[in-house]
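Have a look at the structure below, then the notes.
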There are 2 protein chains.
Amino acid sequence: MTNSTNTISRFSIQETAELTGLSVHTLRYYEKIGLVPHIARDANKRRLYDEQDIGWLRFLRRMRISGMSIQTMKRFVQLTRSGDDSIQARCELLQEHRANLISHMEELKTCLTVLEDKIAFYEASFPLIRDQQDGKVKEK
Amino acid sequence: MTNSTNTISRFSIQETAELTGLSVHTLRYYEKIGLVPHIARDANKRRLYDEQDIGWLRFLRRMRISGMSIQTMKRFVQLTRSGDDSIQARCELLQEHRANLISHMEELKTCLTVLEDKIAFYEASFPLIRDQQDGKVKEK
DNA sequence: GCTTGACTTAGAGCGCACTCCAACTGTTAA
DNA sequence: TTAACAGTTGGAGTGCGCTCTAAGTCAAGC
């Protein structure tokens, strides 16, 4: 982090990639498609991200990981731009996403159970694997 | 389900799609790429899935939903084909997938928390939304 | 002055997992 | 017998979300 003051921190695209977990490619891509507004530039036209940008990017990344589509994120951004009147709509969008996320998590729980059952089946049919996992002697 | 006996059930591709949650396209696709072995055919070369096939397809679907790639599923199928010697390898593959799945589920939990916080923030800034959700009168 | 390296842009390319299409076959019902 | 319908095949097309390339700019260090 190469910032001159303690109060205002500005980050290069590389630093921002590290701070947010998004690749530099993705950072430019998100800006291009309008997910991120007007990133400040230095004298050489290089991007300078501030704390707020980092926060927003982190939020976007979380939404992506949790399965929100780029399309939906775009809609959310649009709503954000249209001021306080859209707060309710934004909230509803997030509530819908939450519902999707929760049901997806439920589904994953089912998958995990299926997976555990299958693993248990294999382990039962081949006890040596269990021993290995316990750190015991491996035999063939 | 148009089966003639109670003991041996055979299903058309359409029925199988309904029973497994996979599309007919996907069923053919999975067969083509070798995820599903030798599905029986009737006199007109139409696929006839049996209970075992259904079970296997359901398992595949679960693995896909939980994030296993087609590539990895192919590897698993290959191992299955190479007999009992591969039981350990198969088990390890599933254990690795389980680890991935669990860490993904953790990540989703974090996302959910972030999402809930954001929703709570919006709800706090616009109390009418809360009332609406509680089934109370909607006002503008 | 020259190279290195981190950045810029517009736009092309890619991998994944389907999804669909065209052309065909066979069964059933009117 | 003709139309509708459910299936078949090989192969093309699609949508998503990046990811990379080419060609260029600028600043710093040797």
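What you see is a predicted model; the values in this text were computed from it and never measured. What's counted below: heavy atoms across the whole structure, side chains too, no hydrogens, waters or symmetry copies. Numbered from 1 within each chain, the chains take letters A, B, ... in sequence-line order.
Distances from the side chain of B:Arg28 to the nucleotides D:dT9, C:dA17, C:dT8 place D:dT9 closest. Comparing C:dC7, D:dG17, C:dT19 by their closest approach to the side chain of A:Tyr29 singles out D:dG17. For A:Arg46, whose side chain is taken as the heavy atoms from C-beta onward, the closest listed nucleotide among C:dG5, D:dT8, D:dC18 is C:dG5. With C:dG11, D:dT19, D:dG7 as the candidates, the nucleotide lying closest to the side chain of B:Gln14 is D:dG7. You'll find that the side chain of A:His25 is closest to D:dT21, out of D:dT21, C:dC18, C:dT19. Set against D:dG11, C:dT27, D:dT8, the side chain of B:Asn44 has C:dT27 as its closest nucleotide.
Protein atom CG of B:Leu22 is 14 Å distant from nucleotide atom P of C:dA17, rounded to whole Å. One can place CG of B:Leu27 at 15 Å from C1' of C:dC20, the figure rounded to the nearest angstrom. Atom P of nucleotide C:dC18 and atom CD1 of B:Ile33 are separated by 8 Å, given to the nearest angstrom. Atom pair A:Lys74:NZ and D:dC18:P shows a separation of 12 Å (rounding to whole Å applied). If you take OH of A:Tyr49 and P of C:dC7, they are 10 Å apart, rounded to a whole angstrom. One can place CG of B:Asp42 at 11 Å from C1' of C:dT27, the figure rounded to the nearest angstrom. Residue B:Arg47 contributes atom CZ, which lies 14 Å from atom C1' of C:dT25 at whole-angstrom precision. For the pair A:Glu15 CD and C:dA6 C1', the interatomic distance rounds to 11 Å; values are reported in whole Å.
A distance-only check finds a donor-acceptor pair linking the side chain of A:Ser12 to the backbone of A:Glu15 [under 3.5 Å]. With hydrogens and angles ignored, the 3.5 Å screen pairs no side-chain donor or acceptor of A:Asn44 with any backbone N or O of A:Arg46.
Cluster membership for A:Leu48 and A:Val24, using ILVMFWY side-chain heavy atoms within less than 4.5 angstrom, is not shared.
Judged by distance alone with a 3.5 Å cut-off, no donor-acceptor contact links the side chain of A:Lys45 to the base of D:dG24. The base of C:dA17 does not come close enough to the side chain of B:Arg64 for any donor and acceptor atom to sit less than 3.5 Å apart.
When each of A:Lys32 and A:Leu48 is assigned the nucleotide of DNA chain C with its nearest heavy atom, A:Leu48 is the one assigned upstream, toward the 5' end.
Residues A:Glu31 and A:Arg28 are not paired through a salt bridge, judged by the lack of any N-O separation under 4.0 Å between the basic side chain and the carboxylate.
We find the CZ-CZ distance between B:Phe59 and B:Phe76 to be 4.5 Å, quoted to the nearest 0.5 Å.
In this model, the phosphate group of D:dC26 is not approached by any side-chain N or O of A:Arg41 to a distance below 4.0 Å at OP1 or OP2. Of the side-chain N and O atoms in A:Tyr30, one or more sit less than 4.0 angstrom from OP1 or OP2 of D:dC18. Close to C:dA6, at under 4.0 Å from its OP1 or OP2, lies no side-chain N or O of A:Ser12.
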